[in-house]
Amino acid sequence: MALAIVGTLALSGCGGEDDEQTLTVLAAASLTETFTALAEEFEAEHTGVTVRLAFDSSATLAQQALEGAPADVLATADERTMDLAREALATEPRTFASNSLVLVAPTDGRTEVDGFDDVASGRASYVACVPTAPCGALWSALADEQQVEAEPVSLEVDVKAVLARVVADEADAGVVYATDAVSAGEDVVTFPIPGADALTTTYPIAVLEQAREPGLAQEFVELVLSAVGRDVLDAAGFSLP
């Protein structure tokens, strides 16, 4: 069964022989649902292999990869953060998906939000990602383009943290990826953001230099890029290259 871990990955050794068939994948938080499904598919095809998933902000994961975190694969939510980890990459990054931003509000929120203008004008509060995260960098560019002067009331470490604040009705609205709105289902109401379709982020994946299972790591990359991977990503709302 795939192991999903949220937060910092320890920079200790991988252990003894019991860990020799453990594949560790560092993945952007917005890939939580899709990579969990793909990890289970991978385990079903590889008897005796356990996929260990570590989800976090792409910038955090890139830094961990550079510091030699015991991991085999890195998948980030933009090319910028993958480039930060270039010295730790054993293979050239390959693009497997893209995403765009939307606005979400709690279905039964304390404040009624009718659309993007409520946030842009400051009539409604909103939360967004920190600028170092791909979702935050994308929002900064989009907010500048749309001349949004209202500042977020909170900056979260990654897009899942933003979504959690909205679902918990701790903010009137939040800026998340389209795929996160899909995963939240009926818990949120989704509104388009003008210009978002023209400003997207692309997701690269690569095998890491420190991979203890480089062969398995490459096979996981191929699964993500395969027809099976594309079906899972498409169903989650990702755009495909």
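Hydrogens, waters and symmetry mates are skipped; everything else that's a heavy atom, side chains included, is used.
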Working for side chain to side chain contact (heavy atoms under 4.5 Å, CB included), residues K160 and T32:
CA-CA 9 Å; K160 290 300 184 186; T32 298; 4.1 Å; yes
Who are the side-chain hydrogen bond (donor to acceptor under 3.5 Å, both in side chains) partners of T81, not counting sequence neighbours?
D78
Taken to the nearest 0.5 Å, the spacing of L66 CG from R86 CZ works out to 11.5 Å
Taking all non-hydrogen atoms of both residues into account, name the closest pair between M82 and P93 and its distance.
CG-CG, 3.6 Å
ILVMFWY network linking L155 to Y177, side-chain heavy atoms under 4.5 angstrom
no
Going hydrophobic residue to hydrophobic residue with side-chain gaps under 4.5 angstrom, can you get from F96 over to L138?
yes
Hydrogens and angles aside, do D187 and T107 bring a side-chain donor and acceptor to less than 3.5 Å of each other?
no
Same cluster or not: are V49 and L223 linked, directly or through other Ile, Leu, Val, Met, Phe, Trp or Tyr residues, by side-chain heavy atoms under 4.5 angstrom apart?
yes
Between the main-chain N or O of V127 and the side-chain N or O of E156, is there a donor-acceptor pair closer than 3.5 Å?
no
Which pair of non-hydrogen atoms, one from R52 and one from T22, has the smallest distance, and what is that distance?
CB-CG2, 4.1 Å
Check which hydrophobic residues are tied to L84 through side-chain heavy-atom contacts below 4.5 Å, counting indirect links as well, and list them.
none
Report the C-alpha separation of V166 and E170 in whole Å, then their side-chain angles, then the decisive distance to 0.1 Å, and conclude whether the side chain to side chain contact (heavy atoms under 4.5 Å, CB included) test is met.
CA-CA 6 Å; V166 174; E170 295 175 355; over 6 Å; no
Indicate the ring-plane relationship of F35 and F220, choosing parallel, tilted or perpendicular according to the 30° and 60° boundaries.
perpendicular
Is a side-chain donor or acceptor of D72 paired with a backbone partner of L216 at a separation under 3.5 angstrom?
no
Residue pair T50 / L23, side-chain heavy-atom distance below 4.5 Å
no
Can you tell me how far the CG atom of L225 sits from the CD1 atom of I205, to the nearest 0.5 Å?
6.5 Å
Closest approach of A28 to S58 (non-hydrogen atoms, all atoms of both residues)
CB-OG, 3.4 Å
Strictly distance-based, threshold 3.5 Å: is any side-chain N or O of R80 a donor or acceptor partner for the main-chain N or O of T132?
yes
Could you check whether any side-chain N or O of Q146 sits under 3.5 Å from a backbone N or O of P194, counting only pairs where one atom can act as donor and the other as acceptor?
yes
So how far is it from E112 CD to D172 CG, rounded to the nearest 0.5 Å?
11.0 Å
Could you list the residues that satisfy side-chain hydrogen bond (donor to acceptor under 3.5 Å, both in side chains) with T190, not counting sequence neighbours?
none
Determine, using the 4.5 Å side-chain heavy-atom cutoff (strictly less than), whether F55 and V167 are members of one ILVMFWY cluster.
yes
Are the side chain of S140 and the backbone N or O of G136 linked by a donor-acceptor pair below 3.5 Å?
yes
Distance alone, cut at 3.5 Å: any donor-acceptor contact between the side chains of S57 and D158?
no
If I take atom CG from residue L61 and atom CD from residue Q63, how far apart are they, to the nearest 0.5 angstrom?
10.5 Å
Do L199 and E145 touch side chain to side chain, with heavy atoms closer than 4.5 Å?
yes
Using side-chain hydrogen bond (donor to acceptor under 3.5 Å, both in side chains) as the criterion, list what pairs up with E79, not counting sequence neighbours.
T202
Side-chain (T91) to main-chain (V207) donor-acceptor, under 3.5 angstrom:
yes
Got C135 and D180 here, is their nearest side-chain heavy-atom distance under 4.5 Å?
no
First locate atom OG1 of T179, then atom CG of L31, and finally report the distance between them rounded to the nearest 0.5 Å.
8.0 Å
With a 4.5 Å cut-off on side-chain heavy atoms, are V221 and V73 touching?
yes
Is the distance from the ring center of F238 to that of Y203 below 6.0 Å?
yes
Would the number of heavy atoms belonging to other residues, nucleotides or ligands and lying under 6.0 Å from CG of D144 be above 12?
yes
Under a 4.5 Å cut-off applied to non-hydrogen side-chain atoms, are V189 and V113 in contact?
no
From D118 CG over to D114 CG, what is the distance, rounded to the nearest 0.5 angstrom?
5.5 Å
Minimum heavy-atom distance L74-A65, with the two atoms named:
CD2-CB, 4.3 Å
For a side chain to side chain contact (heavy atoms under 4.5 Å, CB included) check, start with the C-alpha distance between T36 and L53, then their side-chain angles and the critical distance, and finish with the verdict.
CA-CA 8 Å; T36 298; L53 299 167; 3.9 Å; yes
Pairs touching residues 217-241 that satisfy salt bridge (Lys or Arg N to Asp or Glu O under 4.0 Å), sequence neighbours left out
R94-E222
Looking at Y126 versus W139, is the centre-to-centre ring distance below 6.0 Å?
yes
Please evaluate residues L89 and L208 with respect to the criterion side chain to side chain contact (heavy atoms under 4.5 Å, CB included), reporting the C-alpha separation (whole Å), side-chain torsions for both, the decisive distance (0.1 Å), and the verdict.
CA-CA 4 Å; L89 304 183; L208 291 170; 3.9 Å; yes
Contacts of E41 meeting side-chain hydrogen bond (donor to acceptor under 3.5 Å, both in side chains) (sequence neighbours excluded), chain-then-number -> none
Check whether any side-chain heavy atom of L103 sits under 4.5 Å from a side-chain heavy atom of V175, and report yes or no.
yes
Same cluster or not: are F116 and L142 linked, directly or through other Ile, Leu, Val, Met, Phe, Trp or Tyr residues, by side-chain heavy atoms under 4.5 angstrom apart?
yes
For the side chain of E149 and the backbone of S121, is there at least one donor-acceptor N/O pair under 3.5 Å apart?
no
